[in-house]
S.K.: 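Have a look at this one before I ask anything.
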2 protein chains.
Amino acid sequence: MCPSRGVLEHVTSRWGVLVLVGLQEGTLRFSELRRRVAGVSEKMLSQTLQALEDDGFVLREVYAVVPPRVDYTLTSLGSEVAAQVEALTDWIEENIDRVAQARRARPERARAPR
Amino acid sequence: MCPSRGVLEHVTSRWGVLVLVGLQEGTLRFSELRRRVAGVSEKMLSQTLQALEDDGFVLREVYAVVPPRVDYTLTSLGSEVAAQVEALTDWIEENIDRVAQARRARPERARAPR
DNA sequence: CGGTATCCGCAACGATACTG
DNA sequence: CAGTATCGTTGCGGATACCG
């Protein structure tokens, strides 16, 4: 179908958003990124990074040292998309109070079964 | 934890993104929105709209007519967040060719089993 | 340290039927 | 037309174990 759907879903995925924003400020190692993205498991971080790497948004650099070291950096393409994502997350953080105020408890449309 | 996480996930959810962008151009009825958001089921559209309504991004107007009619419109808050989302989706559509080009020629890390 | 492999529970999702 | 209810399936995502 539409090829941009897949890319969009990688970028807007739960962890994709946070990884892109996390790398926005600069290169990070795997463990640093994991600490910065609160709540992500190793597996999901790894999967998310592979998807973003495959899309050309993230550069993965492996160093042959002991202990192993892997750096993750946004590509120029990644920086551009991350800027868009960050604009969104920044808007939410700046306006979270307005949202909290607008959010009303929805009148119950269904009652719990008895 | 962080209250903005929930809002972020509603907004960046698979259908949330497409609904916000779809409503950006103006008010739509349920069935119109369903046609516009390709591939969404009634159930998911309904759930997505409820989440966005609860967050104060979407206004739901019910008309007491036959046949029934329900209009969905972005609130001012919704318009603002939709603008951020649309900036992201527009970037992807405009740059999908660059992404597609960056994607190719990724070195295989694992070989298919023989 | 930086992963991949495997298992598996559970929530999300789609399809269908039904209702106001 | 605009949903809700129910059900069966799927695949996300966490936990664990193990490898380079």
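Worth knowing before you read on, the calculation uses all heavy atoms, side chains too, and leaves out hydrogens, waters and symmetry mates. Reminder, nothing fancy here: chain letters follow the sequence lines and each chain counts from 1.
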S.K.: Quick one: is dT4(D) close enough that its OP1 or OP2 comes under 4.0 Å of any side-chain N or O from S46(B)?
M.R.: yes

S.K.: Could you give the CG-to-P distance, from D71(A) to dC1(C), as a whole number of Å?
M.R.: 15 Å

S.K.: Could R103(A) and D55(B) be called an ion pair, given the rule that one side-chain N must be under 4.0 Å from one carboxylate O?
M.R.: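 A salt bridge links R103(A) with D55(B).
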
S.K.: Enter the distance from S13(A):OG to R14(B):CZ here, rounded to the nearest 0.5 Å.
M.R.: 12.5 Å

S.K.: Can you tell me how far P of dC1(C) sits from CG of L33(A), to the nearest Å?
M.R.: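 So the two atoms are 16 Å apart, to the nearest Å.
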
S.K.: State which of dA15(C), dA2(D), dG3(D) makes the closest approach to the side chain of E42(B).
M.R.: dG3(D)

S.K.: Measure CZ/R35(B) against C1'/dG3(D) and give the value in whole Å, please.
M.R.: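 So the two atoms are 15 Å apart, to the nearest Å.
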
S.K.: Below the 4.0 Å mark, does dG2(C) have OP1 or OP2 next to a side-chain nitrogen or oxygen of R29(A)?
M.R.: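 For R29(A), the contact criterion (side-chain N or O under 4.0 Å from OP1 or OP2 of dG2(C)) is met.
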
S.K.: Is it the case that the side chain of T48(A) and the backbone of M44(A) share a donor-acceptor pair, with hydrogens and angles ignored and the cut-off at 3.5 Å?
M.R.: yes

S.K.: Side chain of Q50(B) only, heavy atoms from C-beta on: which candidate in dG14(D), dT4(D), dC1(D) is closest?
M.R.: dT4(D)

S.K.: Map S31(B) and K43(B) onto DNA chain D by nearest heavy atom, then report which one ends up closer to the 5' terminus.
M.R.: S31(B)

S.K.: What is the distance, rounded to the nearest whole Å, between atom CH2 of W15(A) and atom P of dG13(D)?
M.R.: 8 Å

S.K.: OP1, OP2 of dG3(C) versus side-chain N and O of R60(A): anything below 4.0 Å?
M.R.: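 For dG3(C), OP1/OP2 do have a side-chain N/O of R60(A) under 4.0 Å.
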
S.K.: In whole Å, what is the span from the CG atom of L28(B) to the P atom of dC1(D)?
M.R.: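 Between P of dC1(D) and CG of L28(B): 15 Å.
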
S.K.: Rounded to the nearest Å, what distance is computed from the CG atom of residue L45(B) to the P atom of nucleotide dA2(D)?
M.R.: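 The answer, rounded to whole Å, is 10 Å.
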
S.K.: Y63(B) has an atom OH; how far is it from atom C1' of dA2(D), in whole Å?
M.R.: 15 Å

S.K.: Within the structure, does a side-chain N or O atom of S41(A) lie under 4.0 Å from either OP1 or OP2 of dA15(D)?
M.R.: no

S.K.: Does the side chain of E86(A) reach to within under 4.5 Å of the side chain of T89(A), using non-hydrogen atoms?
M.R.: yes

S.K.: To the nearest angstrom, how far is R69(A) atom CZ from dG3(C) atom C1'?
M.R.: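 Distance, rounded to whole Å: 16 Å.
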
S.K.: Does Y72(B) have a side-chain nitrogen or oxygen under 4.0 Å from the phosphate oxygens OP1 or OP2 of dC1(D)?
M.R.: no

S.K.: Output the single nucleotide from dC13(C), dG13(D), dT4(D) whose closest atom is nearest the side chain of M44(A).
M.R.: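 The listed nucleotide nearest to M44(A)'s side chain is dG13(D).
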
S.K.: After noting the C-alpha distance and the side-chain angles of V40(A) and V19(A), does the key distance pass the side chain to side chain contact (heavy atoms under 4.5 Å, CB included) rule?
M.R.: CA-CA 10 Å; V40(A) 70; V19(A) 165; over 6 Å; no

S.K.: So does R34(B) get a side-chain nitrogen or oxygen closer than 4.0 Å to the phosphate oxygens (OP1/OP2) of dG3(D)?
M.R.: no

